[in-house]
Amino acid sequence: MLEIKFVRQNLAAVQQSLATRGDKTDWTAFNQADQQRTTILAEIEQLRHSRNVASEQIAQLKREGVDAEQKMAEMRSVGDRIKALEKDLIEHEENLKTILLSIPNIPHASVPVGQNAEDNPVVKTIGHPPAFGFEPKGHWDIGESLGILDFGRAAQITGARFPLYLGAGARLERALINFMLDIHTLEHGYTETLPPFIVNRQSMTNTGQLPKFEADLFKLENWDYFLIPTAEVPVTNIHAGDTLPEERLPLYYTAYTPCFRSEAGSYGKDTRGLIRQHQFNKVELVKFAAPETSYDELESLLHNAETILERLGLAYRVIALCTGDMGFSAAKTYDIEVWMPAQGVYREISSCSNFEDFQARRANIRFKRKGQKGTQLVHTLNGSGLAVGRTVAALLENYQQADGSVIIPEALRPYMGGKDRIA
RNA sequence: GGAGAGAUGGCCGAGUCGGUCGAAGGCGCUCGCCUGCUAAGCGAGUGUGUGAGGAAACUUGCACCGAGGGUUCGAAUCCCUCUCUCUCCGCCA
């Protein structure tokens, strides 16, 4: 959520900036609701003031044993007027809030302007795609013929777009989770968390999934609860409502969670394999930082995620998302894309964003500077470190051998019971 | 699932029959004084949000005592609903 005062005072600039993201806010409705709210609020406050004064006088009169009936009668009508105005006010405030909650974040000045994914510039490309003396197979073929992935049986259990890992495949998934968590906790200083996988409506609203994107979420029947689409939601909400002392910043958290996405409207894309599933595992990185450091923190967060790919020896590149391709809450986003030999393309495996104070305002996450009055909103950041299913897919494809086996990269072997190959 | 208790400022904790309560007292913290150092002592200050005025210090309106609603001229205090926490019972991994 943007600060209403800021929007009001910089309306033209805000509109111009959001236009680069293809935003469709109804600014007339916004202005109207805002102005009416201000007018009504001013009157209410004035009336409440006179009521407060009168109440004090009534108390005084009663103490002196003087009759206060006249004053009380007078205040009865004031009270009625306040009540009526308050009803009005709530209506306008709700309008305003609905609009405000649906306005995306303002892109950082360094974000390239563009329409869609094709306009995302490549920031850097690391490593070299492996050369094969044969036609590399898709990870779904490799996985199914090794007996470590079975999408048919997963469909029997649930439906399309759910994974079933078996044997070394399940072990590989678990190994990667531990591998990633160990690096982030032991080397990068993140605190490990294991949050709820189901969250309430408020938490979803705080991080920006709601109110606009309810269709992408799985909702529980008879509960106002949702399956998390990413650990970002529960982990960011750890500090919802908190005022943190400055010394505690920056805070780093990591979490392994499954993620659930209904991916409404994505049918037909990536129908094979692990790339686009309704349920997948992810190790997430979340940071809370002071505003002046948040862009440095974004860079280091990105490096933390990159480290995993480097250790696994996977080729990847980093792209900067352009204004038209960024997510709703982000002020700036880097995507890491891993090389997928079967299709010969780089595929997203991590997304690292700085949300600035957009989520913090919604979730009311503040910090207090020593010796300074008042509080300030923190900046929140997060990134995948990494999407585990897609990492498995990349490993299978990049380390496949002519005989159909798959080499396990050295760094992962301790997590695979010393195994160096899946055959 | 059943029965009961509770939710107040950074923390502990008071709030009487609703009125001078944004909230006693203590702890903590900040500043000052004092003390050879430390400790103790003394004095002052010490919530958040939002609006107005001011360069600022600050002054001032409104709101906030788990959340929402109600009663009332007036609610931290009374009533209702919800949420959460704790205790006991049941059930269960």
Side-chain angles (χ1 to χ4, degrees), chain A residues 1-10 30-31 33-98 100-101 194-206 210 220 222-226 234 237-249 251 258 288 291 357-378:
Chain A
M1 192 164 64
L2 302 176
E3 185 185 13
I4 189 160
K5 193 164 42 167
F6 177 82
V7 175
R8 212 181 274 144
Q9 289 168 355
N10 304 279
F30 171 84
N31 278 325
D34 183 38
Q35 277 160 24
Q36 280 169 332
R37 189 199 80 104
T38 309
T39 309
I40 295 169
L41 187 63
E43 192 181 345
I44 287 179
E45 292 205 343
Q46 206 171 2
L47 289 172
R48 286 206 277 230
H49 177 58
S50 68
R51 184 180 65 184
N52 287 346
V53 172
S55 291
E56 199 120 320
Q57 290 169 347
I58 289 166
Q60 182 66 30
L61 291 174
K62 289 209 158 183
R63 245 175 277 126
E64 292 167 359
V66 182
D67 176 64
E69 187 48 48
Q70 196 193 326
K71 201 113 216 164
M72 282 161 66
E74 216 175 287
M75 281 306 112
R76 259 189 279 274
S77 69
V78 171
D80 290 344
R81 175 83 180 133
I82 291 175
K83 227 166 248 182
L85 284 171
E86 278 175 343
K87 218 178 126 195
D88 255 30
L89 180 73
I90 287 169
E91 203 174 298
H92 287 111
E93 280 188 334
E94 277 172 2
N95 279 343
L96 201 59
K97 186 113 200 196
T98 306
L100 220 46
L101 283 173
L194 187 59
F197 303 158
I198 295 174
V199 301
N200 60 31
R201 181 172 292 275
Q202 186 63 56
S203 293
M204 284 291 187
T205 305
N206 285 347
L210 291 179
L220 269 64
N222 299 328
W223 295 73
D224 206 15
Y225 290 172
F226 302 83
N237 276 288
I238 288 173
H239 289 299
D242 283 355
T243 300
L244 303 158
E246 183 184 18
E247 315 85 80
R248 284 190 65 190
L249 298 180
L251 278 166
F288 300 83
D357 61 15
F358 189 84
Q359 294 180 325
R361 184 171 294 107
R362 289 169 166 243
N364 194 23
I365 308 171
R366 306 177 155 270
F367 75 104
K368 182 166 177 51
R369 291 191 202 268
K370 237 186 156 140
Q372 266 188 36
K373 281 183 79 166
T375 58
Q376 238 181 306
L377 294 165
V378 304

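Just so it is clear: chains get the letters A, B, ... in the order the sequence lines come, proteins before strands, and each one is counted from 1.
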Pairing partner (Watson-Crick or G-U wobble, both distances under 3.5 angstrom) of B/C27: B/G10
Separation of B/C29 atom P from A/Glu247 atom CD, nearest Å, is 13 Å
Rounded to whole Å, how long is the line connecting atom CG of A/Asn52 with atom P of B/U20? 11 Å
With a 4.0 Å heavy-atom cut-off, tell me which residues in residues 71-78 of chain A come close to RNA chain B, sorted by residue number. A/Met72, A/Met75, A/Arg76
Along RNA chain B (nearest heavy atom to each residue), the more 5'-positioned of A/Ala59 and A/Arg8: A/Ala59
Protein-nucleotide distance (A/Arg37, atom CZ; B/C62, atom P), rounded to Å: 17 Å
If you check the A/His49 side chain, which of B/G19, B/C62, B/G51 turns out closest? B/C62
Does B/G49 have a Watson-Crick or wobble partner in any strand here, with both distances under 3.5 angstrom, and which is it? B/C62
OP1 or OP2 of B/U48 less than 4.0 angstrom from a side-chain nitrogen or oxygen of A/Lys368, does that happen here? yes
In whole angstrom, what separates A/Ile58's CD1 from B/G18's C1'? 14 Å
Using 0.5 Å steps for rounding, measure from the CZ atom of A/Arg8 to the OG1 atom of A/Thr38. 5.0 Å
Would you say a side-chain N or O of A/Lys5 is under 4.0 Å from OP1 or OP2 of B/G51? yes
Which listed nucleotide (B/U20, B/U48, B/C62) is nearest to the side chain of A/Arg63? B/U20
List the residues meeting side chain to side chain donor-acceptor pair (under 3.5 Å) with A/Asn364, not counting sequence neighbours, and say none if there are none. A/Arg366
Quick one: are A/Asn237 and A/Val199 in side-chain contact, heavy atoms under 4.5 Å? no
From the options B/C62, B/C73, B/U48, select the nucleotide whose nearest atom is closest to the side chain of A/Thr375. B/U48
Any donor-acceptor pair under 3.5 Å linking the side-chain atoms of A/Gln60 with those of A/Arg63? yes
Considering every strand and a 4.0 Å limit on heavy-atom distances, what is the contact class for A/Arg366: base, sugar-phosphate, or nothing? sugar-phosphate
Span that lies between the P atom of B/G68 and that of B/U77, in whole angstrom: 13 Å
Roughly how many Å apart are B/C12 and B/U8, using the P atom of each and rounding to a whole number? 8 Å
Taking the same atom, P, in B/C79 and in B/G6, what whole-Å distance lies between them? 12 Å
How far, in whole Å, is B/G26 from B/C62 if one measures between their P atoms? 29 Å
Kindly say whether A/Met1 contributes a backbone atom to a donor-acceptor pair with the side chain of A/Arg361 at under 3.5 angstrom? yes
Rounding to a whole Å, what distance do you find between A/Asn364:CG and B/A67:C1'? 15 Å
My understanding is that a pair needs two contacts under 3.5 Å, Watson-Crick or G-U wobble. By that rule, which nucleotide pairs with B/G54? none
Span that lies between the C1' atom of B/A55 and that of B/A44, in whole angstrom: 27 Å
In whole angstrom, give me the gap between the C1' atoms of B/A24 and B/G9. 13 Å
Distance, rounded to the nearest Å, where A/Asp34 contributes CG and B/U50 contributes C1': 14 Å
Crowded around A/Gln70 CD? As in, over 12 foreign heavy atoms under 6.0 Å? no
Quick one, A/Leu251 and A/His239 - any side-chain contact, counting heavy atoms below 4.5 Å? yes
What integer number of Å spans the P atoms of B/C11 and B/C89? 32 Å
Answer whether the closest heavy-atom distance between the side chains of A/Val78 and A/Met75 falls below 4.5 Å. yes
5'-most contact on RNA chain B: A/Gln376 or A/Gln60, nearest heavy atom basis? A/Gln60
Can you tell me if the side-chain N/O atoms of A/Arg51 get under 4.0 Å from OP1 or OP2 in B/G74? yes
Looking only at side-chain atoms of A/Ser55, point me to the closest of B/G74, B/G49, B/U20. B/G74
With distance as the sole criterion, is a donor-acceptor pair present between the side chains of A/Asn200 and A/Ser203 under 3.5 Å? yes
Report yes or no: do A/Asn206 and A/Gln202 form a side-chain donor-acceptor pair below 3.5 Å? yes
Here the residues of residues 83-92 of chain A within 4.0 Å heavy-atom distance, strictly under, of RNA chain B are A/Lys83
With the side chain counted from C-beta on, respond yes when A/Phe30 and A/Val7 share a heavy-atom pair under 4.5 Å apart, and no when they do not. yes
For residues A/Glu86 and A/Arg48, determine if any side-chain heavy atom of one lies less than 4.5 Å from a side-chain heavy atom of the other. yes
Using the C1' atom as the point on both nucleotides, what is the distance between B/U48 and B/G41, in whole Å? 33 Å
Is there a side-chain contact between A/Thr243 and the phosphate of B/U48, meaning an N or O under 4.0 Å from OP1 or OP2? no
CG of A/Leu41 versus C1' of B/U50: gap in Å, rounded? 9 Å
Answer with yes or no whether A/Glu45 presents, from its side chain, a donor or acceptor under 3.5 Å of a partner atom in the base of B/G61. yes
What is the distance, to the nearest angstrom, from the NZ atom on A/Lys62 to the C1' atom on B/U20? 16 Å
